[in-house]
Amino acid sequence: MKTLYLDNNATTRVAPEVVEAMQPFFGELYGNASSMHSFGGQVRKHVERAREQMAALLGADPSEIVFTSCGTESDNAALRGTLEALAGRKRHVITTRVEHPAVLSTCRYLGSNGYRVTELPVDREGLLDLQMLDDCITDDTALVSVMWANNETGVIFPVGAIGEICRRKGVTFHTDAVQVVGKLPIDLSQAPVDLLALSGHKLHAPKGVGVLYVRKGTRLAPFMLGGHQEGGRRAGTENVPYIVGLGAAAELAAKHMKEEVTRVRALRDRLEEGILATCPDAHVNGHRDRRLPNTANISFEFIEGESILMDLDALGVCASSGSACTSGSLEPSHVLRAMGVPFTAAHGSIRFSLSRYNTQEEIDFVVEHMPGIVHRLRALSPFVPRDKA
Amino acid sequence: MWDYTSKVMDHFRNPRNVGVIENADGIGEVGSLACGDALKLTFKLGPDGRIADAKFQTFGCASAIASSSVLTEMIKGMTLDEAAQVTNQDIADVLGGLPEQKMHCSVMGREALEAAIEYYRSGGKKTAHVLEGRVVCTCFGVTETEIERVIRENNLHAVEEVTNYCKAGGGCGGCQHEIKAILARVHGEPVMLEAPEPPRPRLTTMRKIQLVQEVLEREVRPRLQEDGGDIELIDVDGNRVIVALRGHCAMCRAAEFTLDGFVGAKLREFVSPDLVVVEDKP
């Protein structure tokens with residue numbers, strides 16, 4: 001059975017070009033990029049080239065790019081490094097209720113360790129009230145951390161406007177941009193962002209490599225100690241093959257950016273419209289326009305997400321769900337609950353996330369089979385109103 | 001990805017006995033949409049007093065559907081006394097086992113069966129599963145009696161296991177201490193009470209008022225205003241927060257609920273756990 005992969009917000013296929021770019025660094029080019037000999041020195045050049053490739057994708061200066069092991073590390077380093085650099089002089093952090101656990105769990109940990117944390121609510125469409133954010137900032141506020149786009153719904157937050165507020169009030173602004181990099185154009189020479197986290201495996205690089213962007217002049221205590229790598233901002237021998245791979249992926253992402261916002265968006269819309277037209281009592285979660293071009297989060301009333309995923313899986317289709325059962329926890333998605341999506345709809349939510357590798361045939365296959373799955377499971381459900389059974 | 005047995009997958013893919021029996025002798029409904037799984041079980045007795053037919057409808061994951069489906073097969077041909085002996089472990093065993101975190105699906109099956117038998121024996125008076133005993137887990141509505149029972153029937157020893165089997169403790173986690181105490185009691189171990197949480201730093205009155213204001217502003221007022229109401233802070237006296245409700249809230253009969261359930265909860269969450277909210281009535 002062919003795998004039909006629509007779970008690209010979870011992870012992506014490593015691009016063949018990326019695999020190729022990495023190959024030599026598993027073989028003859030094994031030098032340590034920090035060595036003084038020319039054997040290591042030639043490797044250093046490749047690391048620096050990757051840094052330039054990543055900087056170009058973000059509109060940043062190469063000196064502002066710090067390679068890390070993953071998006072979660074980047075988020076941890078940003079949050080904890082900022083607070084540590086302030087040495088307790090400011091003890092208030094503002095974030096949102098819909099952050100990825102990399103930020104939310106870290107903030108809650110800080111909240112139980114002497115910091116005051118404000119988690120901003122979102123409205124029914126997943127949007128923030130910027131006035132509320134503005135009002136929450138006090139003299140004690142050290143940091144604002146708001147994701148660029150939500151991983152579950154794809155809803156995009158106005159990072160430019162949030163950054164302006166933070167800059168005006170002299171507060172450091174961090175954004176988890178894991179879901180945005182490679183999907184939407186980013187220009188950090190314009191956007192007032194101090195710290196930005198991204199993850200390689202969301203943009204067709206391998207798992208195990210990420211970036212923390214640190215704007216020049218941002219005060220940050222290093223998260224990892226033990227070496228002078230990455231300008232002393234992240235100790236540890238450089239993961240050369242993966243960094244090179246991430247550089248190649250960044251260059252590819254820039255090349256394919258237009259396709260993401262045109263062809264991929266059209267496929268997503270085709271999928272969404274197809275499903276909504278054929279499956280009654282289904283609706284889209286999240287603001288319809290202010291969304292990533294690749295993400296569709298759809299709730300199917302009266303049925304449960306894991307069951308839908310298992311039926312999709314039987315057809316080779318990979319997606320994910322905000323239902324309680326899929327997480328192993330007993331509560332449905334914290335994102336959908338923060339949006340006030342009723343439990344009924346949260347348990348039956350399915351996220352399809354596309355990439356440039358998806359084709360129209362694949363989308364049409366899913367649209368063709370979705371009504372059958374929904375019908376089968378609704379026939380089992382005690383909640384379907386009689387007139388709809 | 002859950003590691004389901006082929007039997008679970010078979011019952012999920014090809015569920016047996018789906019539907020509702022008209023004029024059923026027994027009807028058992030447990031769970032709810034909010035809980036994430038629910039089961040409606042109906043059966044019909046034959047002239048010999050044995051279960052002649054059983055049908056189910058389930059909202060839930062693959063293991064919930066499989067547990068319900070296999071249960072209908074298991075109980076056909078049983079007398080009610082025999083059916084009343086079926087445990088959740090029996091259901092899981094017939095399925096070749098369930099992942100630990102999914103054991104609550106088998107418990108839901110047993111509960112629905114029990115409710116259906118109760119329905120029959122009460123002559124149709126007990127239409128829904130009646131909660132026996134004091135509710136321990138308010139998130140999922142699990143009683144002390146039910147917790148004790150899953151502990152005994154499945155020989156559970158850890159809070160996490162209890163959560164896997166009946167969901168208790170899996171929401172806010174506020175009842176986990178109590179589950180621990182129940183576990184100890186059931187196993188005849190000395191009940192160790194956890195040391196109380198270290199007290200939060202005492203707030204100065206000024207700081208308290210400031211925090212209360214902030215929380216009212218940020219968490220409470222926007223919600224009340226959506227309904228055409230408003231709230232005003234009158235005074236803070238020790239742990240008593242005195243407020244006045246305005247607009248629609250002042251006239252609303254649900255205001256008492258709003259005050260304690262919503263305003264009080266927010267203040268206790270964000271400011272201090274010992275606060276009580278009192279309405280300033282002119």
Side-chain angles (χ1 to χ4, degrees), chain A residues 92 94 111-112 114 116-121 123-124 129 131-133 135-136 138 140 300-311 313-314 318 320-333 337 340 342-348 376-384 386 389, chain B residues 1-2 4 8-9 12-15 18-20 29-42 56-66 68-69 99-102 104-105 112 137 139-140 163-164 166-172 201 210-211 214-215 217-219 222-223 226 270:
Chain A
H92 179 219
I94 298 175
S112 54
R116 200 159 58 80
V117 179
T118 302
E119 293 176 13
L120 296 169
D123 68 12
R124 188 71 174 76
D129 177 350
Q131 188 57 49
M132 189 188 290
L133 182 141
D135 294 345
C136 285
T138 69
D140 193 38
F300 299 91
E301 296 276 359
F302 319 121
I303 50 179
E304 193 277 330
E306 185 199 302
S307 296
I308 305 172
L309 287 186
M310 304 275 299
D311 274 9
D313 188 60
C318 311
S320 68
S321 168
S323 101
C325 287
T326 50
S327 59
S329 84
L330 295 168
E331 301 263 350
S333 148
R337 275 186 301 143
F343 273 90
T344 52
H347 281 298
R376 178 182 102 82
L377 294 171
R378 283 194 180 151
L380 299 178
S381 171
F383 294 122
V384 179
R386 275 164 200 275
Chain B
M1 187 90 205
W2 300 108
Y4 287 132
V8 170
M9 286 310 289
F12 168 63
R13 296 291 314 157
N14 312 294
V18 175
V20 180
E29 289 179 86
V30 291
S32 73
L33 267 175
C35 288
D37 44 24
L39 163 57
K40 180 173 185 175
L41 180 75
T42 50
F56 82 94
Q57 284 184 323
T58 292
F59 165 84
C61 53
S63 52
I65 291 170
S68 317
S69 167
E100 268 298 291
Q101 295 97 318
K102 295 285 188 178
H104 60 84
C105 296
C137 171
C139 294
F140 292 105
T163 305
N164 287 338
C166 66
K167 296 193 176 186
C172 71
Q210 204 184 352
L211 281 175
E214 267 179 43
V215 172
E217 202 59 50
R218 190 184 70 220
E219 302 284 335
R223 295 280 296 274
E226 275 172 24
F270 289 103

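Hydrogens, waters and symmetry mates play no part in the numbers below; they use all other heavy atoms, side chains included. Below, chain A is the first sequence line, B the second, and so on; all start at residue 1.
- Under the rule for a side-chain hydrogen bond (donor to acceptor under 3.5 Å, both in side chains), A:Ser381 has no partner lying at least two apart in sequence or in another chain.
- Looking at B:Thr58 and A:Leu380, their side chains never come closer than 4.5 Å, going by heavy atoms from C-beta outward.
- Within the 4.5 Å cutoff, side-chain heavy atoms of A:Arg376 are placed close to those of B:Pro15.
- Within 6.0 Å of the CZ atom in B:Arg223, the count of heavy atoms belonging to other residues, nucleotides or ligands does not exceed 12.
- At a 4.5 Å heavy-atom cutoff, A:Arg378 makes no contact with chain B through either its backbone or its side chain.
- Heavy-atom distances place the side chain of B:Tyr4, and not its backbone, under 4.5 Å from chain A.
- Using a distance-only test at 3.5 Å, with no hydrogens or angles considered, no donor-acceptor pair links the side chain of B:Arg218 to the main chain of A:Leu120.
- In this structure, chain B has a heavy atom under 4.5 Å from the backbone of A:Ala379, while its side chain stays farther away.
- Residue A:Pro382 comes nearest to B:Gln57 through the heavy atom pair CA-OE1, 3.4 Å, listed as atom of the first residue, atom of the second, then distance.
- Of the atoms belonging to A:Asp313, it is side-chain heavy atoms, and not backbone ones, that fall under 4.5 Å from chain B.
- The minimum heavy-atom distance linking B:Phe59 with A:Phe302 is given by the pair CD1-O, 3.0 Å.
- If you measure heavy-atom distances from B:Glu217 to chain A, you find no contacts under 4.5 Å at all.
- Distance CZ/A:Arg116 to CD/B:Glu214: 5.0 Å, rounded to 0.5 Å.
- The two residues B:Ala62 and A:Ser307 make their nearest non-hydrogen contact at N-OG, 3.7 Å.
- When each of B:Arg13, B:Met9, B:Glu219 is scored by its heavy-atom pairs under 4.5 Å with chain A, the top score falls to B:Arg13.
- For B:Thr163, the parts lying near chain A are the backbone and the side chain together; criterion is any non-hydrogen pair under 4.5 Å.
- In this structure, A:Glu304 and B:Cys61 approach most closely via the heavy-atom pair OE1-CA, 3.1 Å.
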